Trainee: 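Let me give you the structure first, and then I'll get to my questions.
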Amino acid sequence: MTNPFMQAALSEAKKAAQKGEVPVGAVLVKNQEIIARAHNLTESGSGILAHAEMLVLSEGLRLLGSRRLSGCSLYVTLEPCPMCTGAILLSRPQQVFFGAYDTVMGACGGKTDLLRGQAIEVYGGIMETECANLLKTFFSDLRAKS
C-alpha cells in the first residue's frame, strides 16, 4: 500500500542517488503536512552527520523554534542508525515510520532497538519493497562501476 509521506521520502532518496549519495530520504510531518524534507548528503562534503534523518530533524526543530518535535511524525526510507536514533530520542517526535529494515546498523528493531520502552511509536516496513529495491539497485550499480 502506498503512503504519500513515505512516497515523498522516496523522492528525497532518489535525489540522493542522483548525487551519488546512499539513497535515503526523510520527511517530517506535522498536522498531516510535510514541514521538512531531506536526503543523505554525507558524500557531498557535508560530513558524516549529514544523514537524511539528522538533516530533517534539525530543519524541523529550526522551523518550529523548539527543542522538541511534539506532534510530529518522521518518515524515513531506511531504518535509522544508532546516531540518528539518538537524535530521534532527543528531539522526541511522536512517531517514526521507516521503510526498509537495516539488519546491520538499524537501531529501531533491525539490529537493535534503542527506542524500546520509549514514548515514541515506531512502525517499520512501510513501503518496504520500494525502499529496499532503491537501495539494492544503487549498490548493485555501484559495484558494477567498480
Side-chain angles (χ1 to χ4, degrees), residues 1-44 46 48-64 66 68-116 118-145:
M1 177 180 231
T2 301
N3 177 293
F5 299 125
M6 189 59 76
Q7 192 65 52
L10 268 167
S11 292
E12 287 296 315
K14 290 174 184 174
K15 290 178 189 177
Q18 291 170 348
K19 295 177 181 178
E21 297 280 353
V22 174
V24 177
V27 298
L28 190 64
V29 176
K30 185 168 179 90
N31 299 324
Q32 295 299 304
E33 288 192 31
I34 296 172
I35 62 168
R37 301 168 184 263
H39 53 272
N40 274 2
L41 290 173
T42 58
E43 302 297 323
S44 303
S46 296
I48 61 171
L49 301 178
H51 289 202
E53 302 95 309
M54 299 293 283
L55 297 172
V56 82
L57 293 171
S58 294
E59 179 64 5
L61 291 167
R62 186 190 71 74
L63 289 170
L64 295 174
S66 175
R68 303 280 185 259
L69 295 171
S70 302
C72 291
S73 298
L74 171 66
Y75 288 79
V76 60
T77 57
L78 180 64
E79 180 181 2
C81 71
M83 175 184 70
C84 293
T85 303
I88 290 166
L89 278 167
L90 293 173
S91 62
R92 297 187 185 149
Q94 183 177 341
Q95 300 167 314
V96 174
F97 298 88
F98 66 85
Y101 282 86
D102 185 343
T103 58
V104 176
M105 291 295 291
C108 296
K111 176 71 173 175
T112 189
D113 191 353
L114 298 179
L115 295 180
R116 182 182 302 127
Q118 301 296 320
I120 301 169
E121 300 169 31
V122 179
Y123 304 94
I126 311 300
M127 295 180 61
E128 182 176 10
T129 301
E130 295 92 328
C131 294
N133 284 344
L134 182 60
L135 286 158
K136 286 176 189 171
T137 300
F138 175 81
F139 285 112
S140 175
D141 291 350
L142 195 61
R143 283 189 293 276
K145 291 177 186 175

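Here the structure is a predicted model, which is why all the values come from computation and not from measurement. Any value given below was found using the heavy atoms of this structure, including those in side chains, with hydrogens, waters and symmetry copies removed.
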Trainee: So, using side-chain contact (heavy atoms from CB on, under 4.5 Å) as the criterion, who are the partners of E79 when residues are at least two apart?
Mentor: F98, Y101, D102, C108

Trainee: Does the side chain of K19 come within less than 4.5 Å of E43's, by heavy atoms?
Mentor: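 Of all side-chain heavy-atom pairs linking K19 with E43, none is under 4.5 Å.
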
Trainee: When rounded to the nearest 0.5 angstrom, what distance separates OG in S91 from CD1 in I120?
Mentor: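 Nearest 0.5 Å value for the OG-CD1 distance: 7.0 Å.
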
Trainee: Looking at every non-hydrogen atom in both residues, tell me the closest pair between R92 and R68 and how far apart they are.
Mentor: NH1-NE, 3.0 Å

Trainee: Using salt bridge (Lys or Arg N to Asp or Glu O under 4.0 Å) as the criterion, list what pairs up with R62, not counting sequence neighbours.
Mentor: E59

Trainee: With distance as the sole test, does N40 use its side chain to make a donor-acceptor pair with the main-chain N or O of T42 at under 3.5 Å?
Mentor: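 Not a single qualifying donor-acceptor pair exists.
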
Trainee: Counting C-beta onward and ignoring hydrogens, is there a side-chain heavy-atom pair between L63 and L61 closer than 4.5 Å?
Mentor: no

Trainee: Rounded to the nearest 0.5 Å, what's the gap from NE2 on H51 to CG on L78? Could you check?
Mentor: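 These two atoms lie 10.0 Å from each other.
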
Trainee: For the residue pair Q94 and S70, establish whether any side-chain heavy-atom pair is separated by less than 4.5 Å.
Mentor: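 No - every pair of side-chain heavy atoms lies 4.5 Å or more apart.
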
Trainee: Begin with the C-alpha distance, continue with both residues' side-chain angles, and end with the deciding distance and a verdict on side chain to side chain contact (heavy atoms under 4.5 Å, CB included) for V27 and V29.
Mentor: CA-CA 6 Å; V27 298; V29 176; 4.3 Å; yes

Trainee: Apply the test side chain to side chain contact (heavy atoms under 4.5 Å, CB included) to residues K111 and M105: give CA-CA distance (whole Å), side-chain angles for both, the deciding distance (0.1 Å), then the verdict.
Mentor: CA-CA 6 Å; K111 176 71 173 175; M105 291 295 291; over 6 Å; no

Trainee: Check L55 against A50 and note the closest heavy-atom contact, atom names and distance.
Mentor: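 Smallest heavy-atom distance, with atoms named: CD1-O, 3.7 Å.
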
Trainee: Looking at every heavy atom in both L41 and S46, which two are closest together, and how far apart are they?
Mentor: O-CB, 3.2 Å

Trainee: Does Y75 reach the side chain of I34, with side-chain heavy atoms less than 4.5 Å apart?
Mentor: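 They are not in side-chain contact.
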
Trainee: Flag the pair T77 / P23 as yes when at least one side-chain heavy-atom distance between them is below 4.5 Å, and no otherwise.
Mentor: no

Trainee: Minimum heavy-atom separation for G60 and L28, please, with both atom names.
Mentor: CA-CD2, 3.6 Å

Trainee: Decide if atom NZ of K30 counts as having more than 12 heavy atoms of other residues, nucleotides or ligands within a radius under 6.0 Å.
Mentor: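 Count over threshold, so yes.
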
Trainee: In residues 2-16, what donor-acceptor pairs under 3.5 Å come from side-chain atoms, sequence neighbours left out?
Mentor:
unit_1: N3; atom_1: OD1; unit_2: F5; atom_2: N; d: 2.8
unit_1: N3; atom_1: OD1; unit_2: M6; atom_2: N; d: 3.0
unit_1: S11; atom_1: OG; unit_2: Q7; atom_2: O; d: 3.3
unit_1: E12; atom_1: OE1; unit_2: H39; atom_2: ND1; d: 2.8
unit_1: E12; atom_1: OE2; unit_2: K15; atom_2: NZ; d: 3.0

Trainee: Do you know the tightest heavy-atom contact between A38 and V56?
Mentor: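 Closest pair (atom of A38, atom of V56, distance): CB-N, 3.7 Å.
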
Trainee: Stepwise, does the side chain to side chain contact (heavy atoms under 4.5 Å, CB included) test hold for L89 with Q118?
Mentor: CA-CA 8 Å; L89 278 167; Q118 301 296 320; 3.4 Å; yes

Trainee: Apply side-chain contact (heavy atoms from CB on, under 4.5 Å) to L90 and list each qualifying residue two or more places apart in sequence or on a separate chain.
Mentor: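 Counting only residues at least two positions away or on another chain, L90 forms no side-chain contact (heavy atoms from CB on, under 4.5 Å).
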
Trainee: Donor-acceptor pairs are to be reported for all side-chain atoms of residues 126-138 against protein atoms at under 3.5 Å, with residues two or more places apart or in another chain.
Mentor:
unit_1: N133; atom_1: ND2; unit_2: T129; atom_2: O; d: 3.3
unit_1: T137; atom_1: OG1; unit_2: N133; atom_2: O; d: 2.9

Trainee: Got V96 and S73 here, is their nearest side-chain heavy-atom distance under 4.5 Å?
Mentor: no

Trainee: Holding to salt bridge (Lys or Arg N to Asp or Glu O under 4.0 Å), I want the full list of residues that pass it with E53, two or more places apart in sequence or in another chain.
Mentor: none

Trainee: Please tell me whether E21 and S44 have a donor and an acceptor in their side chains that are separated by less than 3.5 angstrom.
Mentor: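 Short answer, yes.
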
